Protein chains: 2
Amino acid sequence: MNKRQTTLKDLAEKLNVSVATVSRALKDHPRISQKTKEAVWQLAADLDYEPNQLALSFRNRQMNAIGVVVPKIIYHLYATAISGIEDYANAQGYNIIICQSNESMEREKAIINELITSQVAGFIISLSSETNNFDHFTRLQKKGIPLVFFNRECEDVDADRVIIDNFQASYDAVDHLISTGCRRIAYMGGPAEVQISNHRLKGYQKALADNGITVDERLVQHCEFDKESVLSHARRLVYGPQPPEAILAFSDQIAINTMIACKERGLKIPEDVSIVGFNNEPVTELIEPPLTTIDQPGFLMGKTAAELLVRQIENSDTVIKPEKRILSSTLIIRKSTNRNRL
Amino acid sequence: MNKRQTTLKDLAEKLNVSVATVSRALKDHPRISQKTKEAVWQLAADLDYEPNQLALSFRNRQMNAIGVVVPKIIYHLYATAISGIEDYANAQGYNIIICQSNESMEREKAIINELITSQVAGFIISLSSETNNFDHFTRLQKKGIPLVFFNRECEDVDADRVIIDNFQASYDAVDHLISTGCRRIAYMGGPAEVQISNHRLKGYQKALADNGITVDERLVQHCEFDKESVLSHARRLVYGPQPPEAILAFSDQIAINTMIACKERGLKIPEDVSIVGFNNEPVTELIEPPLTTIDQPGFLMGKTAAELLVRQIENSDTVIKPEKRILSSTLIIRKSTNRNRL
DNA sequence: ATGAAAGCGCTAACAA
DNA sequence: TTGTTAGCGCTTTCAT
């Protein structure tokens with residue numbers, strides 16, 4: 001029990017050579033005799049020697065770990081993105097430390113602070129919905145710590161980012177709704193601080209304008225992510241004198257809760273109202289009716305973010321101009337928008 | 001850019017005192033003069049000093065991090081359990097390093113090995129479905145590294161574990177099915193290596209026996225977690241000459257795919273066949289019909305596992321007898337079992 | 001071809 | 001009350 005790990009010193013003492021020699025032998029250093037090397041290798045195997053990563057990290061003044069900060073891992077997009085990050089990061093020899101901000105800016109700040117003191121090699125971050133102050137990110141940059149945003153980006157900080165074209169995705173979704181004959185189209189947005197929600201709002205507005213439809217401000221809602229908030233905002237839409245003919249939601253969760261409000265109001269989907277979500281969560285094809293939604297490449301998003309981050313980490317001397325990678329998303333058309341009023 | 005972190009040495013030099021004095025002053029050591037302390041505190045604040053966790057960990061020969069190894073974080077139970085772990089662990093000053101085995105034993109072994117060399121303080125593990133060899137766990141124990149299993153436990157290793165009473169939960173579910181008039185009841189189990197699947201099988205068998213129902217071995221299936229595997233096993237059940245009147249599934253995902261096979265076969269749920277799942281994933285109340293399922297306290301499971309682990313870590317000198325914490329689960333009855341044949 | 005020594009940031013036993 | 005020293009495990013420069 002509690003057997004100490006074998007160290008270089010242990011090997012050196014048993015072999016009556018110096019620690020330096022053992023260290024070199026293990027890395028197959030050219031100027032160590034074959035005989036010594038073999039003795040070292042043999043003993044290392046016998047004693048189950050494994051280099052102490054913690055000591056290595058300490059010496060390098062940097063952990064071989066990446067800090068990943070996401071709002072919540074139960075959101076399918078983040079769970080899949082994390083797999084993408086892990087996949088690439090592990091292959092490159094990095095562990096990932098996943099932390100959830102739980103949509104709290106304070107928590108996000110605290111996490112980043114802690115991980116800084118742990119000397120993580122870099123950060124991959126998707127903002128909490130509350131985050132409206134960006135000092136903790138600029139602080140990272142001042143310290144020269146690599147940083148990549150994904151999905152929920154931060155326009156005010158000039159860092160690498162991986163996103164989809166939220167404007168276009170939203171534009172296309174609205175365009176699809178219009179093509180099925182809807183004209184009174186509502187937008188159930190996320191919290192007003194979430195920049196991507198606003199990008200989607202812009203796409204929504206532009207699509208309406210391009211089709212000669214006047215934007216009715218009463219059809220735009222900004223809700224929090226909890227069920228109650230969504231329901232209350234959705235009710236404002238559907239219990240009004242003129243319920244919308246279609247609703248574009250910021251996320252599948254919001255779309256689903258909006259569907260609940262619609263059903264509660266007695267509106268049939270898609271006959272009375274069409275619904276479009278965002279993220280293509282697996283649940284969207286299991287509900288009734290299956291939900292039209294925008295598929296985001298979560299795994300690829302994560303993988304790309306990890307690539308950009310590792311690139312930064314491994315080129316910490318050279319200055320790389322921050323890059324914006326825009327991945328393509330796909331509108332998945334299902335029954336929730338399957339009607340034709342034309 | 002790339003400004004080095006302030007160290008104790010920096011503070012010491014500026015103040016013309018020794019590093020040791022600074023170190024003590026920062027911890028409010030009783031034998032340092034108030035004057036010195038205040039000077040140190042002031043300068044530390046000015047220079048934004050933060051202790052280097054990596055150096056601390058190195059010195060303690062242990063990271064302030066816990067390794068968490070789960071099959072997949074997209075499974076809702078694990079996502080919620082992780083939140084519970086994170087919650088408690090962070091409060092106790094530990095970070096968590098989450099790794100996914102992706103149901104692969106090789107990956108699980110590799111992860112554990114890596115985290116050992118990183119000197120994590122302990123492990124919280126839920127086995128991959130493939131894991132049928134337990135050397136990597138006994139290795140941890142030989143090294144005296146704290147270990148807690150949760151949900152998918154390992155009976156062959158004597159370690160702390162946090163589980164629900166799978167036998168009882170399954171027994172109760174079958175009992176419920178019988179009470180609604182079903183007698184031909186099938187079990188769609190997980191992979192045969194998954195011990196909790198077998199515990200549930202035992203509960204299923206006992207409930208049948210206790211109600212005077214002969215167990216028909218053809219009604220017991222063991223499938224993998226991918227959709228295709230579930231569908232093919234489910235089809236064996238429903239396309240037979242005598243389809244079951246009810247099906248207990250090892251997980252909600254299996255239950256949902258089984259429902260798909262039932263619908264494909266033209267069986268109505270619950271009129272022709274009742275279905276029960278496991279885990280109470282959020283999706284279960286959104287599908288048609290809503291799924292009867294067993295709710296597991298994921299968050300509490302994680303939190304409890306973290307408690308047990310931290311207890312081990314912080315009492316590494318004393319030997320604590322491994323403990324088995326059994327949390328209670330709840331059968332949530334929904335429409336998928338809402339019929340009465342009696 | 002090998003060894004000695006310094007140093008990464010911090011703490012603690014021992015000295016003064 | 002403060003300083004000196006050694007050491008955690010490893011790499012690397014400089015000697016030999």
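A quick note: this is a predicted structure, and the numbers were derived from the prediction, not measured. Every chain is numbered from 1 and lettered A, B, ... according to where its sequence line falls, protein lines coming before strand lines.
Between B:F58 and A:F58, the ring planes lie parallel to each other; the angle is under 30°, not in the 30° to 60° tilted range.
The number of heavy atoms from other shown groups lying within 6.0 Å of NZ (B:K14) does not exceed 12.
B:E114 pairs by the salt bridge (charged side-chain N to carboxylate O under 4.0 Å, His left out) definition with nothing, not counting sequence neighbours. Applying the side-chain contact (heavy atoms from CB on, under 4.5 Å) rule to B:T7 yields the partners B:R4, B:K9, B:D10; only residues at least two apart in sequence or on another chain are considered.
Between the side chains of A:E103 and A:S129, a donor-acceptor pair is found at a separation under 3.5 Å.
We find that CG of A:D28 is positioned 17 Å from C1' of D:dT11, with the value rounded to whole Å. Rounded to whole Å, atom C1' of D:dC8 lies 16 Å from atom CE of B:M63. Atom CD of B:Q119 and atom C1' of D:dC10 are 12 Å apart (whole Å). Taking atom CD of B:Q62 as the reference point, atom P of D:dG9 lies 13 Å away to the nearest angstrom.
Base contact: B:S18 has a heavy atom under 4.0 Å from a base atom.
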How does protein reach along nucleotides 8-14 of chain C, written 5' to 3' as B (base within reach of a heavy atom under 4.0 Å), S (only sugar-phosphate), or - (no contact)?
-> BBBBBBB
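Distances shorter than 4.0 Å separate none of the side-chain N or O atoms of B:T36 from OP1 or OP2 on D:dT1.
Side chains of B:R311 and B:L308 form a contact here, defined as non-hydrogen atoms less than 4.5 Å apart.
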